[in-house]
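To start, the structure itself, in structure tokens.
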Protein chains: 2
Amino acid sequence: MPPHRRAALSPRLASADPGHGVTLADVALAAKVSLATASRVFSHPQLVREATAQRVHDAARRLSFRPNLLGAKLRAQQTRIIGVMLPTLDNAVFAECWRGIEEASLAAGYSLMLVTSNYDPARERERVEYLLRHRVDGLLLTVANAADSIVLDQLDRESVPYVLAYNQITAEGAGNHRYSVSVDNRVSACEGVNALIAAGHRRIAVVSGAFMASDRARQRFAGYEDAMRAHGLPVLDAVNLPSHTASNTAQIRALVAQDDAPTAFFCTNDLLAIGVISDLKRLGLRVPQDVSVLGYDGIALGALVEPPLATVAQPNADIGTQAIAQLLARLAGAPSPQGHATLLPHALRIDGTVRPPP
Amino acid sequence: MPPHRRAALSPRLASADPGHGVTLADVALAAKVSLATASRVFSHPQLVREATAQRVHDAARRLSFRPNLLGAKLRAQQTRIIGVMLPTLDNAVFAECWRGIEEASLAAGYSLMLVTSNYDPARERERVEYLLRHRVDGLLLTVANAADSIVLDQLDRESVPYVLAYNQITAEGAGNHRYSVSVDNRVSACEGVNALIAAGHRRIAVVSGAFMASDRARQRFAGYEDAMRAHGLPVLDAVNLPSHTASNTAQIRALVAQDDAPTAFFCTNDLLAIGVISDLKRLGLRVPQDVSVLGYDGIALGALVEPPLATVAQPNADIGTQAIAQLLARLAGAPSPQGHATLLPHALRIDGTVRPPP
DNA sequence: GTGAAAGCGCTAACAA
DNA sequence: TTGTTAGCGCTTTCAC
């Protein structure tokens, strides 16, 4: 009975609301083929004779048929939707990453559902549950702390395929069955600080977002420690700013007011670095003449400001692209059980804001 | 027959893959109620006795039941998904707007599907078709040119509910049946330029992205013209930069090299303004001592740099929130036929980068 | 190469 | 208050 009921409605729909409400059954009827054949024309064209296919296509066009993906998804038991959870889009790092994610996904015929967690583990749980209810086929996510994440544990328990972006799986400890795409945070940070040291800096301070909110920040601090220790230089406590974007002149002032004020600042992300540079300027210090600043991330904006921001650059769009590629590979085929941390190359840009100490 | 088949599988699933593959039928069976009752517990709890509901909830928890939204959506003929199309996330304006969008949508129980068009009308068409196939209930979008948009015409023809963000519907011309949420681009730009004039500037140049790619840019330029004309000042040709982020020192140099070089620059977006400031610095000019720069957008970053960027600020997150609110209202109820342009208040921040001419 | 029919997971009449 | 039943639009065996 289905085909006829709808067919009766078609005339109205075709004029007032083309494409909306027109089902494959309508198309089949108009093309004088069965529903099955009509379906095959779109999903398995090689199974149907050329002339028949043409008739169906014509009918589809005439009726402005638009396939309802919901029906297909429900039937197929796979949605071809990837859930993406990022901390925030306010940091350009993730916005840049999105470009790669969208590009790679749509090219592969996958759709995206985006949510942001704002670095909050509770919200992470909630948002992921939400994506799961939509039956996303897999997830691409950046969590606050990969090594201690309720949400990742849950995903593992449920064997939901996912790939981490930016979070870096480390060999030791739990979770090394996981997949991640990132740079080597510790090594790259160490190289960045080494560059500062090579420029002659001895007292180097670290400014970071809340360590609790980001394992990357902790790994980068570890890289700083490595570099300082290797050169027998004093490891200073990190200045942890609550927000990655707040201007915290007071804390910076306290630092530079010391007898033995740092001559260089390593900031664990570029946004922070830009804020710190402004703070320093407000305190009457010139960057890089009086004090050097090194960021981390390589956001496009850094190259836009003057002097250009020295930074440890990550390939942000690539991280997105690669993470999607990995996820698709897992979705498609052999879900190799032992996980893998993909490390993408970083690049040092020791540009305008770093210079030898005065 | 359905219920029994699945029930046989449950034990395996419950241990290996909780929640995955468990259907409402399984829950109903475990709770010894009918499928309908189980469904009602979640959709219309008031229709079911407390004790029964409890049994169902217990069973659901025991089996780690996770509702499959696909089934519900297909049946309900509405997805509770809103499609969002933004030009790019690389401009913080849209990233900030996303915050408002996500907040408002999730609070109302709607999900989001995001795509970006990169200011390209062809890609706009493609991406929207894509969203439509997902049967999004409505759309929130920013198009390149609202007044001349194939994609908007199509949406109108198909009576798909949508609300524009940032694009500003103007009274005259076609398309005034549409809904938009934005600031008043022309008026606010005029006020911004007025502030420049009030500060003593007479020769004011405009730097903009490609006019073709953004009706906002054109409207803001019109606001500039209004202000200049009203004061009997010369309207200069706009410098149209191909990219909103490229540094175009050459073009800026040509401008400032003139005898009668402008003393102030009005940039139609903040990102551009930051680039222009850097260009000027590279040319040996100090901002704001030698030349003033006024941006447009009010992105958070502008307040972070030193000196803070003078700008015409839009309430970006609010634009997202309000646009979603409007869309939800249309989705819910009376789709008033005559459209409406909601204008949100802008704010002038004549901060650090604007000062009287030297 | 094509058709008939079952059913993906869920909701909403309609009955009881 | 609860159960029975008929689909939502699509894909896919299984026949022919």
Side-chain angles (χ1 to χ4, degrees), chain A residues 1-7 9-10 13 19-29 31-56 60 63 65-80 132-135 137, chain B residues 1-7 9-10 13 19-29 31-56 60 63 65-80 132-135 137:
Chain A
M1 169 289 232
H4 325 87
R5 186 194 44 70
R6 281 239 154 258
L9 284 162
S10 286
L13 293 166
H20 222 80
V22 176
T23 74
L24 195 52
D26 298 323
V27 174
L29 198 73
K32 300 191 201 308
V33 297
S34 75
L35 176 56
T37 300
S39 170
R40 279 188 280 253
V41 169
F42 296 105
S43 341
H44 304 287
Q46 72 283 11
L47 293 184
V48 53
R49 204 191 329 141
E50 179 60 38
T52 319
Q54 200 47 57
R55 285 216 319 281
V56 172
L63 299 180
F65 169 65
R66 173 149 47 222
N68 183 337
L69 263 27
L70 250 40
K73 288 172 188 317
L74 179 56
R75 169 66 216 231
Q77 292 293 87
Q78 62 141 302
T79 55
R80 291 188 81 83
L132 258 17
R133 289 187 178 203
H134 282 285
R135 291 298 190 269
D137 288 344
Chain B
M1 172 287 237
H4 324 88
R5 184 194 46 70
R6 284 235 152 261
L9 285 162
S10 286
L13 293 166
H20 223 82
V22 178
T23 75
L24 196 53
D26 298 322
V27 174
L29 198 75
K32 299 192 200 312
V33 297
S34 75
L35 176 55
T37 299
S39 169
R40 278 189 282 254
V41 169
F42 296 105
S43 346
H44 305 286
Q46 73 284 6
L47 293 183
V48 55
R49 208 193 325 141
E50 178 62 38
T52 320
Q54 199 50 57
R55 285 219 314 284
V56 173
L63 301 179
F65 168 67
R66 174 149 45 221
N68 183 337
L69 262 28
L70 249 39
K73 287 173 190 318
L74 179 56
R75 168 66 217 227
Q77 291 296 84
Q78 62 142 304
T79 54
R80 291 187 81 83
L132 257 18
R133 290 186 178 204
H134 282 286
R135 290 299 191 271
D137 288 344

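Letters A, B, ... mirror the listed sequences (proteins, then strands); counts begin at 1.
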Indicate whether OP1 or OP2 belonging to [N] is found under 4.0 Å from a side-chain N or O atom of [X].
X     : N      : result
B:T23 : C:dG9  : no
A:R40 : C:dG1  : no
B:R49 : D:dT2  : yes
B:Q78 : D:dC8  : no
B:S43 : C:dT11 : yes
B:H44 : C:dT11 : no
B:T37 : D:dT2  : no
A:T52 : C:dT2  : yes
A:S34 : C:dG3  : yes

Checklist line | Of A:E50 and A:L35, the one whose closest DNA chain C nucleotide lies more 5' | finding: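 Closer to the 5' end of DNA chain C: A:E50.
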Check: NA contact type, B:A72, heavy-atom cut-off 4.0 Å: base, sugar-phosphate, or nothing?
Finding: sugar-phosphate
Notebook entry, point to check: How about A:H134 and B:K73: do any of their side-chain heavy atoms sit closer than 4.5 Å?
Noted result: yes
